[in-house]
Amino acid sequence: MNADVAAENASALSLWNDPTAPVDARVDALIAAMTLEEKTAQLVGVWVGAAADGGEVAPHQHDMEEAVDLDALLPTGLGQLTRPFGTVPVDPALGALSLARTQARIAASNRFGIPALAHDECLAGFAAWGATAYPVPLSWGAAFDPDLVRRMAAAIGRDMRAVGVHQGLAPVLDVVRDARWGRVEETIGEDPYLVGTIGTAYVQGLESAGIVATLKHFAGYSASRAGRNLAPASMGPRERADVLLPPFEMAVREGGARSVMNAYTDTDGVPSAADESLLTGLLRDTWGFEGTVVADYFAVAFLKTLHGVAADWADAAGTALHAGIDVELPNVKTYGAPLTEAVADGRVPEELVDRALRRVLAQKVELGLLDPDWDPVPAALDGTDPDDPEALRGRVDLDSPDNRALARTLAEEAVVLLGNDGTLPLARPRRIALIGPNADEPTAVLGCYSFPQHIGVRHPGTPLGIGLPSLRETLTAEFPDADITYVRGTGVDDGDLSGLDEAVRAAREADVTLVALGDRAGLFGRGTSGEGCDAETLDLPGAQQHLLDALLDAGTPVVTVLLAGRPYALGRAVTESAAIVQSFFPGEEGTHAIAGALSGRVNPSGRLPVGVPRAPGSQPGTYLGAPLAHANDASSVDPTPAFPFGHGLSYTRFDWSDLTADAHEAPTDGEFMLAFTVRNTGDRGGTEVVQLYLHDPVASVVQPVRRLVGYTRVTLDAGEARRLTVTIPADLAAFTGRDGRRVVEPGVLELRLSASSADPRLTTDVVLTGVARHVDHTRRLHATFVQKPATA
């Protein structure tokens, strides 16, 4: 097309449809042309489910909302479509066709031709029928491998984009404060630096595929009292600033996230959905976030029904808009007629509507949804015949071999070997007793936001859509010459011990006992782990500890295998098990990873993203505690974990040596450089996870005894050594001071190069000199590791 023809075509377009015009100009022109009803229509979603026959989506009726009349809504437009794939089981190709037809209808129904933005869950993979179920985020944390998580997220994003989805509701950046909380499985761990680096990598991967990543839950959801879901958050401003906010700050600054979702909780009486200082003052004015803030489902209405800070729906809408929530999800409730009426009668300024609308429309422009060549048919349906839906069935593969390979690699890296007396790896055992409620349960590897556990359980008889080999099946393949006797023993949480005698008998007749324990993921009481499935204590659910103790008494070496969503106290097993293998819901390839770790095919390299408690009632507590949070003579309760944050064993040995420092003093705006050698002194290759902790012995406010400020994976062949250098900016010593500002103070610091939070291998003291220096969100966030072959 020559320049004259292009210019003529562009002049025929409305400005908002002109892809050559600046985004701001397109958005301003569109807002100027819209009625109030058309504006508010862009600020709401409708919960739908793709049709199994490829027809248009059907509104989903949730028990918290009234029925939705699409015919009445669509003439003014629609902001979002809620979970078209994550509501009912549907073949991916037919789901994509259903979404495309619905988008065509939405665009044709409003006078500006604006389609909706479609969002779905992707916490541990695209939450669609037939899509790859990856390990849960707690396993991402256990892998300590941001690059691999970035690759996984990119694959998830490509699958979502291919079928017409624009936004993913992940990652969860809540930092674990109490392991009794049911949503621990959805988190990355108990350390803000680990959560921030892994979560930011996920954001980068998802965004690289063109999917809008959504950071949640902003902020403080995981700090709820007693680990109860949706409870008030007990935290001071310093804990919030130094523990709970840094992962969000990093993901906004380095990840490029384009959306944020508010937390349900209130902090000191202010709900997050009503907190202007959080959603606007900090997020936008300080950090510079320019994307959209979307409401966690029903959170705007909760300002009236749960929090009691709004008198009616219009008041809730105005409060949330003023705070900075741009889009009400999952359905139209308060941002519809109540908001429109409140603006019309002057209770809510129209400028607030326009402010939110500008952000929403800018995102739609950036996604190409207002371009003249926008096509509702997604890439996955290119070259297909939409008039023959049945011919499409099975044409879209959301669980490709490449996906499964990624899922297996991540599951393998996330297996944590907690203890081992030399029994593992198993050397061709002749008789294996395989016992426990998770030994022959295919779904034991899945978290609560996996499609089978989240949606599939409500559709009995529907195939799982993905291959889920049980541990029994993969062990049979891993040890083809072994005689494996399986006994369930007890259920996950039913307390049934009728199979106890049979389990003990099988153990006594075996060379080794493998006992597979842990959780069943579910929602709101349907599981022992997951949203709304909080625990009163960290005892193993049901009668599992009773079963475990009976097997320990049987006299045969016991290898305890955990497939769980949170850490549990293991009682006698901590010292009496021959070995303990921890896996946090490792996804569809997870049992292959566990079997490989048991046989030695996989050399474990996972590290604990959360500590394993010694006693079931010692919560809440994390390794980040100040001195008074640790064991002392003033309390009879010892919170020391059985296995600390960062712990994990290998089948080889690593020697750390020859620590040097370029200097032991630096100004408060300077840096230190350390160098040291890590050598594999064992007889097989393996991976060590080097962790850098900072100890600040004297500060103007109480500090954690130690906190993670850097880490790297070091993979070495037998006998191989690497010389590592690490550059440590003084900014990493910053904390929130007495005046509420972040400060780097002069004084002595101890730097600990460690194999876990409780296992320092090399330490050195350094001194920061000069004056105290205040820093902000532009401070340096990372230590930089460089690896080179070690010289002889």
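The shown structure was predicted, so the numbers you read here are calculated from the model rather than taken from an experiment. Atoms considered below: every heavy atom in the structure, side chains included; atoms not considered: hydrogens, waters and symmetry mates.
Other residues, nucleotides and ligands contribute more than 12 heavy atoms inside 6.0 Å of the CZ atom of R105. Within a 6.0 Å sphere centred on CD of E366, heavy atoms belonging to other residues, nucleotides or ligands number more than 12.
A heavy-atom distance below 4.5 Å is found between the side chains of I114 and L370. V203 places none of its side-chain heavy atoms less than 4.5 Å from the side chain of L206. Side-chain contact between L446 and F585: absent, with no pair of heavy atoms (C-beta onward) separated by less than 4.5 Å. Proximity of V163 to V396: side-chain heavy atoms (C-beta onward) are separated by under 4.5 Å at one or more points. The shortest distance between side-chain heavy atoms of S470 and T591 does not fall below 4.5 Å. Inter-residue side-chain proximity for L123 and C448 is flagged as unmet; no heavy-atom pair is nearer than 4.5 Å. Contact check for V68 versus N331: side-chain heavy atoms found under the 4.5 Å cut-off. Here the side chains of L117 and L81 are not in contact, with every heavy-atom distance at 4.5 Å or above.
N403 and D159 are linked by a side-chain donor-acceptor pair at a separation below 3.5 angstrom, with hydrogens and angles left out of the test. Using modelled atom types and a 3.5 Å distance limit, the side chains of D493 and T528 yield no donor-acceptor pair. Inspection of the E185 and S529 side chains reveals an N or O donor paired with an N or O acceptor under 3.5 Å. In this structure, a donor-acceptor pair under 3.5 Å is absent between the side chains of D326 and T292. With hydrogens and angles left out, the side-chain atoms of Q167 and S259 include a donor and acceptor closer than 3.5 Å. Side-chain contact annotation: T409 with E412, donor-acceptor N/O pair under 3.5 Å absent.
Note that SG of C122 is 4.0 Å distant from CE of M160, once rounded to the nearest 0.5 Å.
The side chain to side chain contact (heavy atoms under 4.5 Å, CB included) with W129 is formed by just one residue from the set T462, L464, V88, I466; it is T462. Of the candidates T20, N17, D371, D371 is the only one forming a side chain to side chain donor-acceptor pair (under 3.5 Å) with R26. Under the side chain to side chain contact (heavy atoms under 4.5 Å, CB included) rule, H166 has a single partner from Q363, R161, Q80, H119, which is R161.
Without hydrogens or angle criteria, T200 side chain to G255 main chain gives no donor-acceptor distance under 3.5 Å. T82 contributes a side-chain N or O that, together with a main-chain N or O of P330, makes up a donor-acceptor pair within less than 3.5 Å. Remark: the backbone N or O of G95 is not paired with any side-chain donor or acceptor of S98 at under 3.5 angstrom. Side chain of Q103 to main chain of A116: a donor-acceptor pair is present (N/O by atom type, distance under 3.5 Å, no hydrogens or angles). Between the E588 side chain and the R404 main chain, no donor and acceptor come within less than 3.5 Å of each other. At least one donor-acceptor pair under 3.5 Å links the side chain of D385 to the backbone N or O of D387. Between the E328 side chain and the K333 main chain, a donor and an acceptor come within less than 3.5 Å of each other. A distance-only check finds a donor-acceptor pair linking the side chain of N262 to the backbone of D296 [under 3.5 Å]. Using a distance-only test at 3.5 Å, with no hydrogens or angles considered, a donor-acceptor pair links the side chain of T102 to the main chain of V57. Checking side-chain atoms of N110 against main-chain N and O of I106 turns up a donor-acceptor pair under 3.5 Å.
Salt bridge status for D174 with R183: absent, with no side-chain N to carboxylate O gap under 4.0 Å. A salt bridge is absent between E290 and R258: the closest approach of a Lys/Arg side-chain nitrogen to an acidic carboxylate oxygen does not fall below 4.0 angstrom. Classification of R526 and E531 as a salt-bridged pair fails, no side-chain N sitting under 4.0 Å from a carboxylate O. Ionic pairing of D402 and R151 is not present here: no N-O contact between side-chain nitrogen and carboxylate oxygen is shorter than 4.0 angstrom. Of the charged side-chain nitrogens involved, none lies within less than 4.0 Å of a carboxylate oxygen, so that E56 and R101 do not count as a salt-bridged pair.
Ring pair W47/F298 is tilted by interplanar angle, where 30° to 60° counts as tilted.
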Report task. Start with the C-alpha distance between D145 and R150, add both sets of side-chain angles, then the distance that settles salt bridge (charged side-chain N to carboxylate O under 4.0 Å, His left out), and finish with yes or no. Result -> CA-CA 9 Å; D145 192 342; R150 188 180 296 110; over 6 Å; no

Query raised in the report: Going through the checks in order, is the side chain to side chain donor-acceptor pair (under 3.5 Å) test met by T476 and E473?
Result: CA-CA 5 Å; T476 299; E473 291 174 307; over 6 Å; no

Report task. Check the pair L138, I188 against side-chain contact (heavy atoms from CB on, under 4.5 Å), reporting the backbone distance first and the verdict last. Result -> CA-CA 4 Å; L138 204 56; I188 295 167; over 6 Å; no

Query - Derivation of the side-chain contact (heavy atoms from CB on, under 4.5 Å) call for M261 and V293 - result: CA-CA 6 Å; M261 176 179 278; V293 175; over 6 Å; no

Query raised in the report: Should L169 and D120 be marked as a side-chain contact (heavy atoms from CB on, under 4.5 Å) after you check the CA-CA gap, both sets of side-chain angles, and the distance that decides it?
Result: CA-CA 6 Å; L169 302 189; D120 245 302; over 6 Å; no

Requested in this report: Run the numbers on Y202 and M152 for side-chain contact (heavy atoms from CB on, under 4.5 Å), then give the verdict.
Outcome: CA-CA 8 Å; Y202 182 92; M152 175 196 69; 3.9 Å; yes

Query - Test log, rule side chain to side chain donor-acceptor pair (under 3.5 Å), inputs Y264 and N229 - result: CA-CA 9 Å; Y264 283 132; N229 195 49; over 6 Å; no

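Remark: aromatic rings of W140 and Y134 are distant, center separation not under 6.0 Å.
For the pair K216 and Y297, the cation does not sit on the ring face, since its NZ or CZ is not both under 6.0 Å from the ring centre and inside 45° of the axis.
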